[in-house]
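Heads up, the thing below is written out as structure tokens.
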Amino acid sequence: MSESRCRFSIVVPTYQRRDVLIETLHSLRALETPWPVELIVVVDGSTDGSAEAARAVDLPFPVTVLEQPNRGAAAARNHGAARAQGEYLLFLDDDMVVDPRLLVEHDAVLAQGADGAVGHIPLHPDSPPTLLTPGVERWVRLRHERLTRTRGRLALGDLLTGQLSVRSELFAAAGGFDEHFNEGGSFGAEDTDFLHRLIESGAVIRYAPGAISYQRYVVTTDQYLRQWRQGGRADAVLVRKHPSLAGTLAAQHGAGTPVGRLLRRWAPAVPGRAGRALAAPVVARARSGSADLLTRWLFTRLRDAQYWRGFAEAGGPVPAPPVVLAYHAVEDVDDAVVGPWCVGPELLERHLDALTAAGFTWIDLAQFLASLDGAELPPRSALLTFDDGYASLLTAAAPLLERRGIPAVVLLVSDQIGGRNEWDTRRGATELPLLTTEQLHELARRGWTLGAHSRTHAHLVHADDAALADELAAPLADIPALGLPLQPVLAYPHGEHDARVRAATRRVGYAAAFALEGRTSSARGRFAFPRIEVRRDTTPEQLVAAALAPARRPAQEIERELRGVARRVLALTGRRP
């Protein structure tokens, strides 16, 4: 990198907050900037003189002020990023008064290999005291303590852009912020969506505790309630785009508590006039500055009602994600090493019939991939996958599936097509033949989809970077070279993956990757989609229960997280948990 290249481009979107914006810009004068820096202010349709005032501020680095019609924060940030020249982008909200070491601290984290960083955002001491400020202060304190204790392990609620740095090239590759979330200047979810996409792709986003900006919190009670209603609408869009987030978002908004369940059902059904009449006394108490226990409790409930009203207005909840089943050989094998993972054809037949009787709809890989991009699936959708490519699939599995019209995916070890299960025989296992090229052509003609299972069935998490790249890239070239119609999906050998493996999988060109439930990492999403591993001792009843569990899992996750939600609510109302 050239020494003269701009190191950071600070992008500040703003709308109708001239005085707050100018205080933020004045604080930038004290920034430590041992390398070239630029500031880009994007005025998102403001009519309060923000653009003129921003141009008048004298700073020790170049300042560009852009103006656009009111299109929302996502569009404003994208506009600023498109004009930026820096190696890194630093997105900063217009109400952030910065510590002089802000950029230096971000630079230190990024220099250690992170792709992005979020910092500490305590409340500015000059923020006017309102009913809302104690809750904001507590949230900031607990967030900082948790992230420090967990060495920066970010949760969904931490995916904020109030203070976010990211490599410019990565921002461009990710396509920036999704502007659909903020159409018409609406509020919410574009930051969670963007950072979730980055993390899901394998990018490393870390917490930078020394990177501090003080939020001058000037949101009124009316603005706050409006934001929560807009946030509910945005989250409805978010969970359709990322179904795996539905359970966590519901937990964050109390959907598992008795009061939360009532509000979720009741709030959308109340007519607007009646709702305003019910809310009026609470809003009046909050506007008056009252912060007693009853006012805080009622206002919190009103806030949650606004969220669920907005959530329902935008379409409400989404169906559960599809269930993906992972089989191996379809034959009875009397072997202590591989036998437990081999399911005989009679048991496979009973599994399929039990799942069909339980109401599952069998989907193909194209439908599965479309669902990752937001397409809707039938309730209780299931995808059938077979790892390794055993020859028994053609003779034993294919006839069963054909009679039932069930599609399937076989995931191939490209270096062993037509060979044997060498990764198991090295451990003393029985040799099992794998499908030949001719047999794979026959399966493809019979409607099976072909995917990848690495080059040699290696432990990817233990491979060095060169070996990892070879294990992932080789199937994408070698299998099509045999004239076989490969789809760019991968099953991680042994179900093992980590952030490095997921990032490499994305880079080499896979569209999605399958993991296994409970193996190595709890990460989920497009490049770690969980599968239920089916074994010889899995009864049809157990498999149906396991297949139904993903639909229930969000509720279980809610129960675990509700305790934390309840503690926060009780603390905000001044009560002891």
Side-chain angles (χ1 to χ4, degrees), residues 169-170 173-175 197 200-203 324 326 328 364-373 383-390 393 407-423 434-445 447-516 520-521 523 525-529 531:
E169 292 178 357
L170 182 62
R197 283 188 282 119
E200 188 179 73
S201 73
V324 183
H328 294 81
D364 59 25
L365 182 65
Q367 290 172 289
F368 170 79
L369 292 175
S371 75
L372 298 182
D373 295 323
L383 176 67
L384 195 58
T385 70
F386 295 85
D387 285 2
D388 306 328
Y390 292 98
L393 299 184
V409 182
V410 56
L411 299 140
L412 305 170
V413 181
S414 63
D415 218 32
Q416 290 298 316
I417 291 174
R420 298 290 187 272
N421 55 327
E422 289 187 359
W423 54 92
L434 302 177
L435 292 159
T436 66
T437 302
E438 292 74 18
Q439 289 172 323
L440 286 168
H441 277 290
E442 175 63 19
L443 269 187
R445 284 193 293 270
W448 285 56
T449 302
L450 312 185
H453 198 35
S454 82
R455 186 174 72 84
T456 68
H457 206 286
H459 292 272
L460 301 182
V461 295
H462 301 308
D464 61 32
D465 289 346
L468 174 61
D470 178 61
E471 286 286 343
L472 295 173
L476 293 174
D478 295 346
I479 296 175
L482 298 174
L484 294 168
L486 179 75
Q487 292 298 313
V489 294
L490 173 79
Y492 297 119
H494 315 285
E496 297 172 349
H497 61 96
D498 55 19
R500 182 178 69 102
V501 171
R502 295 191 298 274
T505 301
R506 178 181 179 276
R507 280 196 303 271
V508 300
Y510 287 97
F514 295 113
L516 294 172
T520 306
S521 170
R526 177 180 288 271
F527 290 96
F529 200 93
R531 296 182 298 166

- Task: Applying ring-ring contact (aromatic ring centres under 6.0 Å, His included), name anything that partners Phe386, two or more places apart in sequence or on another chain.
- Result: Tyr327, Trp448

- Can you say whether the rings of Phe514 and Phe529 are parallel (under 30°), tilted (30 to 60°) or perpendicular (over 60°)? perpendicular

- Mind checking side chain to side chain donor-acceptor pair (under 3.5 Å) for His453 and listing every partner two or more places apart, or none if nothing turns up? Asp388, His457

- Item | Gap between atom OG1 of Thr456 and atom CG of Asp415 - 0.5 Å precision | 7.0 Å

- Query: Residues in side chain to side chain contact (heavy atoms under 4.5 Å, CB included) with Glu422, at least two apart?
  - Reply: Gln416, Thr425, Arg426

- Any idea which heavy atoms bring Leu369 and Ala512 closest together, and the distance? CD2-CB, 3.8 Å

- Return the set of residues passing side chain to side chain donor-acceptor pair (under 3.5 Å) with Thr385 (not counting sequence neighbours), or none when no residue passes. Arg531

- Message: Nearest 0.5 Å, please: how far is NE2 in His328 from CG in Leu393?
- Response: 11.0 Å

- Task: Could you pull out the closest heavy-atom pair between Glu496 and Val461, with the gap in Å?
- Result: OE1-CG2, 3.8 Å

- If we only count heavy atoms from C-beta on, is the Val409 to Phe368 side-chain gap below 4.5 Å? no

- For the student: nearest non-hydrogen atoms of Tyr492 and Ala528, plus distance: CE1-CA, 4.5 Å

- Note on the structure: In this structure, CG of Leu443 is separated from CG of Leu412 (nearest 0.5 Å) by 9.0 Å

- Query: ring-ring contact (aromatic ring centres under 6.0 Å, His included) with His441: which residues, sequence neighbours excluded?
  - Reply: none

- Gap between atom OG1 of Thr449 and atom CG of Leu384 - 0.5 Å precision: 11.0 Å

- Which heavy atom of Arg526 sits nearest a heavy atom of Glu200, and at what distance? N-OE2, 3.2 Å

- Task: Using side chain to side chain donor-acceptor pair (under 3.5 Å) as the criterion, list what pairs up with Arg197, not counting sequence neighbours.
- Result: Asp193

- Message: If I take atom CG from residue Leu434 and atom CG from residue Asn421, how far apart are they, to the nearest 0.5 angstrom?
- Response: 6.0 Å

- Item | Contacts of type salt bridge (charged side-chain N to carboxylate O under 4.0 Å, His left out), residue Arg507, not counting sequence neighbours | none

- Message: Tell me every residue that passes salt bridge (charged side-chain N to carboxylate O under 4.0 Å, His left out) with Glu442, counting only those two or more places apart in sequence or in another chain.
- Response: Arg445, Arg446

Distance-only donor-acceptor pairs under 3.5 Å for side chains of residues 480-491, two or more places apart:
none

- salt bridge (charged side-chain N to carboxylate O under 4.0 Å, His left out) contacts in which one or both residues fall within residues 468-483, not counting sequence neighbours: Arg455-Asp470

- Could I get the full list of side chain to side chain contact (heavy atoms under 4.5 Å, CB included) partners for Leu468, not counting sequence neighbours? Leu460, Ala463, Leu472, Arg500, Val501, Ala504

- Item | Partners passing side chain to side chain donor-acceptor pair (under 3.5 Å) against Gln439 (at least two apart in sequence or in another chain) | Thr436

